[in-house]
Every structure is written in C-alpha cells, then in structure tokens.
There are 2 protein chains.
Amino acid sequence: MTAKEVLKDHIAKMASLTEEEFNYCYEHFKPLSFKKGQVVIREGDKVDGEYFVISGCLKAFYINDDVKMHILQFAMPTWWTSDYQALYTQTKASINVDCITDAELLCLTSADREKLCSEIHQVEHFFRWRTNKGYVAAQRRLLSLMNNDAKTRYEELMRLYPQLHDLVPKHLIAAYLGVSRETLSRLY
Amino acid sequence: MTAKEVLKDHIAKMASLTEEEFNYCYEHFKPLSFKKGQVVIREGDKVDGEYFVISGCLKAFYINDDVKMHILQFAMPTWWTSDYQALYTQTKASINVDCITDAELLCLTSADREKLCSEIHQVEHFFRWRTNKGYVAAQRRLLSLMNNDAKTRYEELMRLYPQLHDLVPKHLIAAYLGVSRETLSRLY
DNA sequence: ACTAAATAGTGATGTAGATCACGTAATCCC
DNA sequence: GGGATTACGTGATCTACATCACTATTTAGT
C-alpha cells in the first residue's frame, strides 16, 4: 500500500472526501524518510507542522532537568505526532520527537492544515475527530496514572498495544509508564 | 452578563459566527440550574451531551474500587465538561460530574453538536480548537504528573488557577493532584 | 570480527508519599 | 441552636518505587 493510500483510508474512516478533494489535500503532504535514531523535532527548534506515520515507530518525549526522559506518546502507522503544545501556543518545541525504527512520514505544515480545514469542511471535521480521540486517550491515561500501580499500567499498555512489546525496548516502555527501568524489569 | 452573552463571547474568541448563526445555535442550548452537591452526570447512566459552565464550579471525577476519588477536571465559568470518553465511544458514563458550588449550565446534546457542526463550518472550527486546547492541557498535565513531585504540582496548579485556592476544599485539590489529603496538608 | 554501546537483570538501600489513627474547628441543616 | 457531617491538621508506621551499583547479554558500527 502506498503512503497515499494509507492516508486516504485513514481519513475515510472519519470523513468523506471526494477523489478530487483528497488529491488536492494530498498535494500538501510532504513525504519524508527517516533512519532509526533520527530526530524529527528537536527541543527549542521551531515546529513546522505535524507528522502522519506511514511506517515505523516514533516517540515524543520530554527530558527533564535531571536528564530523565518521559515519553508522551509513541507513534505507529496511521498515528499522528508533533509537539501540539508548541503548535497551539506558537512557541518553540518543548519536547523531542525521534525515530525508534526507520520510518516513513507525511508532513503537513500548520499553515496548510489550517488552509485545508478552512477550504474543505470535511477536512475540519476529520481533524476535530482525530483530536477528540487523542483527548479521550490522554484523559484515560491520566486516570490510569493516578489510579493504578506500575504493574497494572504495564498490563494495560500491553493489552492496548501488544505490538509495543516486541517493537520497543523496555526502558522506553518504562519511560512511557512513568516508572524506572529497574522497577519495570522486576514486575514479571 | 446573560448566559447567552457569555457563550457568545466565548465562541467569538475562536470562531466568527453571524448574529443569525449564533442565535440559531443558541436555540439548541438548554439552560440548567444546579444546587451545590447536585449530580450532573452519574456513573453508569447514559450521557446525553456536554455542559458549558456559566457560573459556579463543577468536578468530573472517577471513583475506583477502593472508593478513592480522582478528579479528571474542574470546570469553571466558560469551561466545558462532560464524560468525553462516553460520548466518543457511545457508552454509559464511566465518571461522575457534580457541582462543587451552585451552578448555571448550558447543555448541548451530542446530536445537536454534530448537527450544528455539519450545518455551520465555523461551529466545527470552534469545536476543533476547543478540543485541541483540552488535548494540549491534558498532555501538559500528564507530563507534570510524571515529572514533578506533589509540592511542585500543587504550586503549578495554584499558579495556573489561583481561584481554585479559595473555591475548592483542599481534599478535592488533593484528588486532582493525585496525592492523599494528608500529604497535601503537610506541604506548607 | 572486534570493540563499543545499548539493553536488561538484580541486590542493597533510601525516600516520597500512602495509610491508619487521632483530635479539632467549621458548616450545614432540620 | 445543637447534633451531624465535612474539612483540616498531625503523629506513627508502612510500602511502592527510586536510586545506586554491578554484571551479563545482545546489537551496532568500522
């Protein structure tokens, strides 16, 4: 399946665009290839848009003053990622995004997203639902973080995204769950 | 300021509706008055829509099996609240929403929200931005929960929403921060 | 192929915050 | 206005998890 087809199917799940409308939208996406370890967004830099994952796996993470990493989001095929805080507040990136594996992405600039949203009502509809889904997921994760211990959170994550188990090293899983890698290692 | 004016100003911050369009929208909102302590959404019940706060303060919270409460969100004037997970997945409420003080709300059903979004492009635009804002706030809170200790989180909350200090009893602040009321009490 | 780096497991010890158990002041409410 | 409920503070103890230190294994780069 081509990148174009992946995006088309993804959008079709929540919005109905004509062939013509979709082709027009697709012109605004810039295909990018990244190698494992490459940085997509670097803290402090300007964020020019958001990224739709065609293949591979990325992480969006924050490094605190003690050089501890916390992972905000993994991004797998058909997921979107960026520093949404930076995009929303029009500031420099406060997080990093990089590639856990080789990855193919489609980049859409904020300016183009807003243009497409205002030109095509269904595109705005699509982005509303996508963001809504992210909001609900973030709220669920907040509750899980407050309610559950490390083991329960780990099991929940594995239940939700079993692919992560083999795709992502455990210390990154730990950084997502908000526990130390040692504690995660002792959970079995 | 009337409820209608409060809503109008709020929407105008992110979207431009004509007088006529706004009046049409406003017909779909149902004004409701609640007394302190009254329940707006009860766990297990059907959720019929979302609520825009005109006055007062509410909380959206989850009670776990150990009968411990975790607060997902406070809602103050010009904020929206509901069980967005239930609305998104079309399931029964998994959280509760009730009133910390007497409150005036405007209720918009999901069906009406979707209708208005599809009829008026600018309404869809408004709801996209509102949800985006919530998503960014939830992500920031996730990071804070993973990065910061109880004291730092408390100070951050007070900096962000100083009104909460006098409006909301401390054990509810604790339930929002994800610490016990005893620990919060010892922070000063 | 050989070295360096990344990944992973585990013991010993430290600590933030939970939990339990009180006492007291403030508010609600019939 | 008096009894009950809610809010708040504080000591004593417990515990989940962090941190530090070290070893073993796997993976990647030249």
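Just so it is clear, the values below take in all heavy atoms, side chains as well, and ignore hydrogens, waters and symmetry mates. So that the names make sense, note that chain A is the first sequence line, chain B the second, and so on, each numbered from 1. Nothing here was measured: the structure is a model prediction, and the numbers come from that model.
With DNA chain D read from its 5' end, the first of the two nearest nucleotides for B/Ser185 and A/Leu187 is the one closest to B/Ser185. Along DNA chain C, the nucleotide nearest to B/Gly178 and the one nearest to A/Leu172 differ in position, and the one closer to the 5' end is contacted by A/Leu172.
Side chain to side chain, B/Gln139 and B/Tyr135 meet the donor-acceptor criterion of an N or O pair below 3.5 Å. Inspection of the B/Gln73 and B/Tyr176 side chains reveals no N or O donor paired with an N or O acceptor under 3.5 Å.
Side-chain atoms of A/Val179 lie closest to D/dC17 of the nucleotides D/dA21, D/dC8, D/dC17.
Applying the 3.5 Å distance criterion, the base of D/dC17 shares no donor-acceptor pair with the side chain of A/Glu182. Judged by distance alone, with hydrogens and angles left aside, A/Arg186 brings no side-chain donor or acceptor close enough to the base of C/dG9 to form a pair under 3.5 Å.
Between B/Lys68 and C/dT19 there is a side-chain polar atom (N or O) within less than 4.0 angstrom of OP1 or OP2. The shortest distance between the side-chain N/O atoms of A/Lys36 and the OP1/OP2 oxygens of D/dA28 is below 4.0 Å. Residue A/Thr183 places none of its side-chain N or O atoms closer than 4.0 Å to OP1 or OP2 of D/dC17.
Contact check for A/His171 versus A/Leu184: no side-chain heavy atoms found under the 4.5 Å cut-off.
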Can I get a per-line list of side-chain donor-acceptor pairs under 3.5 Å for residues 145-152 of chain A, giving both atom names and the distance, sequence neighbours left out?
unit_1, atom_1, unit_2, atom_2, d
A/Asn147, OD1, B/Asn64, ND2, 2.9
A/Asn147, OD1, B/His70, NE2, 3.4
A/Asn148, OD1, A/Ser144, OG, 3.2
A/Asp149, OD1, A/Lys151, N, 3.4
A/Asp149, OD1, A/Thr152, N, 2.9
A/Asp149, OD1, A/Thr152, OG1, 2.7

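Between B/Asp102 atom CG and C/dT27 atom C1' there is a gap of 15 Å when expressed in whole angstrom units. B/Asn147 has its CG atom 16 Å from the C1' atom of D/dC17, to the nearest Å. For the pair B/Met69 CE and C/dT19 P, the computed distance is 14 Å after rounding to whole Å. Atom CG of A/Asp149 is separated from atom C1' of D/dA18 by 15 Å (rounded to the nearest Å).
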